[in-house]
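Sequence positions, counted from 1, serve as the residue numbers for this chain.
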Amino acid sequence: MYFRLIIFYIFIVMACSPNDNSTNTETSSVDTETASTTSEAVSSNSAVPLRSDIDDKYKWDMSAVYASEEAWEEDLNRVKELYPGLANYKGKLLSSPDVLLEARELIDEVNQTLWKLYHYASNSSNANVRNEKFQEMVQRVINTSIKIGETTAYFTPELLESDYSVLEDFMVQNEYLRTYEKQFKDLFISKPHILSEKEERLLTMAGKITGVSNDAYDIMRATDFVYPTFEDENGNKLTMSQGRYGKYTKSTDRRVREDMYRALYVPFKGNINTMAVLMKGNVEGHIFYADARGYDSSLEARLKGDGISTDVYKNLVNSVNDNLQPLHRWAEIKAKYLGVEKIKPFDTYAPLADSTAVYTYEEAQEMILEALDPLLSSNEGELRDFTEKMYNENLIDVFESQGKQSGAYMSSTWGLAPRVKLNFAGTLDDIFTLAHELGHAYHSYLSQKNQPYATYRYTTFNAEAAAIATEALLMDHLLVNAKNDDEKAFLIQNYIQSIGSTYYRQTRFAEFELLIHEAAENGQILTEDFLTESFGEMYSKYWGPYMEITEEEAYSWSRIPHFYYNYYVYTYATSFAAAEKIAENVRNEGQVAIDDFIAYLSTGGSDYPVELLKIAGADMTTSEPFEAVSRKMNYLMDELERILEAKTLKNVEL
């Protein structure tokens with residue numbers, strides 16, 4: 001990572017269960033009217049509730065960050081007063097160890113405050129994206145960060161004028177500089193891609209332009225899209241919403257599933273050409289930075305700073321393509337037990353084993369405390385106490401409301417407790433989403449506690465392994481404690497669909513993202529036709545002969561916000577494999593593996609991602625974790641078919 005980026009490294013983990021059941025972060029966000037009335041959070045009518053209708057105990061208390069907007073303004077002004085002082089170190093960074101340390105500590109002070117400002121503004125905005133005041137506040141922070149980047153554009157080129165031995169000597173003379181050792185090493189690894197001071201300043205200024213596609217995409221979806229209505233199983237007309245997709249995609253009525261599915265895509269189809277232009281601008285922005293810095297590709301530009309070889313990415317895609325049989329088999333099983341010759345995309349979450357269980361948010365909290373008890377009780381119950389804090393101190397924004405950003409995420413910054421955004425509606429998926437985001441929160445909490453500011457941030461590659469491992473521990477607990485075959489079948493079905501959506505689907509997204517970047521790098525114009533045809537062909541390849549693709553699914557690339565995150569989605573698939581290995585270790589080794597997992601959660605970004613995962617017992621340099629996922633999926637399908645066949649025979653006898 002370049003020092004100019006350290007100034008404002010926007011570390012907000014948009015990382016949830018990456019299922020089909022959402023939009024912004026691909027998590028399951030089900031309609032709030034299914035939540036139990038014991039939570040008294042939503043009204044019983046079909047409309048998505050206003051935020052003011054939701055009890056305060058289920059909403060963030062952002063006053064814990066800033067007591068007032070005036071206090072926020074004071075901190076922003078303080079940053080504006082501080083950062084010009086960074087220019088005073090130009091030409092002096094290598095004059096002595098003390099001067100270099102002084103400059104780094106001033107950067108940290110500015111950076112930490114800027115993070116806090118962003119944390120408040122962005123989370124407030126995401127709770128109600130229709131409030132333009134918070135959008136403006138977010139933009140003011142970003143604009144300030146760009147100005148700071150311009151001021152410190154000299155920093156990296158000046159350090160790279162020396163040999164690394166100079167910095168090694170500085171760290172010997174002043175031990176406090178040792179905190180920045182990994183950053184110094186990363187800097188010199190990236191030396192071939194660092195530009196002159198003037199060029200660095202220009203790239204920083206370009207940030208205002210290259211982020212426009214993503215901003216326009218988010219705002220268009222949040223404020224401009226108008227959804228039609230569809231009829232539920234009882235003939236009630238409901239206005240389509242992002243949250244309702246998660247509920248009705250699992251309806252047992254195929255007509256409802258199809259009508260809901262087609263309603264979801266109406267605004268996407270109506271804006272598909274604009275979406276294509278935004279995607280083109282997004283990809284060209286990634287290529288622009290890669291070319292400017294002299295990388296061989298945009299993929300290398302994205303991964304090299306994290307210490308990850310492009311081979312890791314491509315090996316994932318190749319390994320999954322070599323073993324698509326389990327997903328093809330799942331489509332065949334679905335078709336058989338749904339009674340159709342071929343399934344369609346709106347059938348992918350149709351239940352083979354159903355459950356009418358609806359959970360209150362309080363029940364979800366208790367289930368997680370029970371399932372994760374071995375982890376939470378370690379170290380004198382440290383993580384249990386932390387979980388209770390998350391539950392009880394307005395650190396989780398729970399329910400869907402009008403204007404609230406869809407999906408879920410965990411947001412963390414130095415010096416503050418993590419915050420989690422949900423759109424909880426009472427399904428089992430929502431419970432797994434809560435476990436997922438708490439996994440991110442554990443990672444952030446322990447990393448901040450055990451690492452200095454310079455190394456507490458972890459990469460997305462490591463982030464998802466922590467969160468998905470927490471989900472895997474929850475699933476293992478529920479399977480072991482299933483009361484009967486019906487409950488076990490329902491859990492197995494959900495587990496298989498998690499493999500399909502997190503492992504296969506995200507790899508498919510990763511392959512598509514690589515395809516369109518490489519196509520653009522080779523001169524291909526990313527037209528709507530090219531994007532839609534490519535996405536549709538890839539979908540058919542992954543699902544195999546028992547899937548009949550629809551027109552909507554071919555242009556569903558437009559519904560995936562992660563394509564704007566610059567090679568993000570591959571981390572879901574690799575992390576899923578790593579998480580399964582971690583959970584397997586816990587099953588087989590008990591407390592030893594739990595201790596290893598906690599040690600991993602405490603490492604932040606103190607080493608390179610692949611090396612850190614080895615601490616948790618997952619070696620991603622081998623093919624074993626990927627092959628293990630396929631073996632696990634086949635085993636689960638064997639067990640599910642056994643239960644379903646037995647149930648079929650019983651029904652025949654009756």
Side-chain angles (χ1 to χ4, degrees), residues 1-2 5 9-16 18 24-26 186 189-190 193 203 207 210-211 213-214 217-218 278-321 409 457-465 467-468 502-522 524 526 531 534-535 538 542 557-578 605 608-610 613 620 626:
M1 176 177 291
Y2 310 113
L5 292 181
Y9 182 92
I10 301 178
F11 181 63
I12 185 167
V13 182
M14 296 292 190
C16 325
N24 192 3
T25 47
E26 300 304 303
D186 291 346
I189 288 174
S190 62
H193 309 290
L203 287 187
T210 55
S213 292
N214 190 8
Y217 177 84
D218 288 343
L278 293 178
M279 181 62 73
K280 177 175 176 289
N282 170 57
V283 171
E284 288 180 347
H286 299 160
I287 295 172
F288 165 74
Y289 282 113
D291 288 347
R293 293 195 176 280
Y295 287 100
D296 291 337
S297 66
S298 55
L299 180 64
E300 182 191 37
R302 173 62 182 86
L303 300 185
K304 189 172 182 180
D306 289 338
I308 299 173
S309 167
T310 56
D311 289 341
V312 172
Y313 193 107
K314 293 178 180 179
N315 284 340
L316 165 70
V317 172
N318 292 334
S319 295
V320 172
N321 270 269
Y409 65 72
R457 302 183 188 91
Y458 45 81
T459 66
T460 55
F461 188 92
N462 292 125
E464 292 310 314
I468 298 170
T502 308
Y503 184 67
Y504 285 105
R505 182 174 186 258
Q506 300 302 321
T507 302
R508 173 165 57 85
F509 287 172
E511 183 176 354
F512 177 74
E513 192 170 9
L514 180 62
L515 181 149
I516 62 176
H517 279 78
E518 289 185 338
E521 287 166 345
N522 291 323
Q524 171 72 49
L526 300 185
L531 293 168
S534 299
F535 197 80
M538 201 170 290
Y542 270 69
W557 56 267
S558 63
R559 196 173 69 89
I560 311 304
H562 288 68
F563 290 148
Y564 289 84
Y565 298 170
N566 194 9
Y567 291 110
Y568 185 99
V569 293
Y570 89 100
T571 62
Y572 285 128
T574 53
S575 297
F576 189 93
Y608 295 105
V610 173
L613 276 172
M620 305 309 292
F626 305 109

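No side-chain heavy atom of Asn214 sits under 4.5 Å from any side-chain heavy atom of Asn282. Using a 4.5 Å heavy-atom cutoff, the side chains of Tyr313 and Glu513 are in contact. Counting heavy atoms from C-beta outward, Ile516 and Met279 have side chains that approach closer than 4.5 Å. When side chains are defined from C-beta on, Tyr295 does not count as touching Arg302, because their heavy atoms never get closer than 4.5 Å. Contact of the Phe626 side chain with the Thr574 side chain is registered, since non-hydrogen atoms from C-beta on lie closer than 4.5 Å. Within the 4.5 Å cutoff, no side-chain heavy atoms of Phe461 are placed close to those of Leu303. For the pair Glu464 and Thr502, the minimum side-chain heavy-atom distance is 4.5 Å or more.
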Query raised in the report: What do the steps show when you test Glu511 against Tyr570 for side-chain hydrogen bond (donor to acceptor under 3.5 Å, both in side chains), and what is the final call?
Result: CA-CA 8 Å; Glu511 183 176 354; Tyr570 89 100; over 6 Å; no
Report task. Before giving the answer on side-chain contact (heavy atoms from CB on, under 4.5 Å), spell out for Thr210 and Tyr289 the whole-Å C-alpha distance, their side-chain angles and the decisive distance to 0.1 Å. Result -> CA-CA 9 Å; Thr210 55; Tyr289 282 113; 3.2 Å; yes
Report task. For the pair Ile560 and Phe512, evaluate side-chain contact (heavy atoms from CB on, under 4.5 Å) and give the outcome as yes or no after the intermediate values. Result -> CA-CA 11 Å; Ile560 311 304; Phe512 177 74; over 6 Å; no
**Report entry** Worked check of side-chain hydrogen bond (donor to acceptor under 3.5 Å, both in side chains) between Ser298 and Glu521
**Finding:** CA-CA 8 Å; Ser298 55; Glu521 287 166 345; 2.8 Å; yes
Requested in this report: With ring-ring contact (aromatic ring centres under 6.0 Å, His included) as the test, would you mind laying out the steps for Tyr568 and Tyr564 before giving the verdict?
Outcome: CA-CA 9 Å; Tyr568 185 99; Tyr564 289 84; over 10 Å; no
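Taking the six-membered ring where tryptophan is involved, the planes of His562 and Tyr565 are tilted, since the angle between them lies from 30° to 60°. In this pair, Phe509 and Phe563 present their aromatic rings perpendicular. The plane angle is above 60°, beyond the 30 to 60° band. Using cut-offs of 30° and 60° on the angle between ring planes, the pair Tyr567 and His517 is tilted.
Looking at Ser319, its side chain never comes within 3.5 Å of a backbone N or O of Leu316 through a donor-acceptor pair. A donor-acceptor pair is defined here as one N or O able to donate and one able to accept, closer than 3.5 Å; such a pair exists between the side chain of Ser297 and the backbone of Glu300.
Listed by chain and number, the residues in a side-chain hydrogen bond (donor to acceptor under 3.5 Å, both in side chains) with Asn462 are Thr459, Tyr600 (sequence neighbours excluded).
Shown here is Lys280, whose NZ atom has no more than 12 heavy atoms of other residues, nucleotides or ligands within 6.0 Å.
Note: Arg559 CZ to Phe535 CZ = 9.0 Å, rounded to the nearest 0.5 Å.
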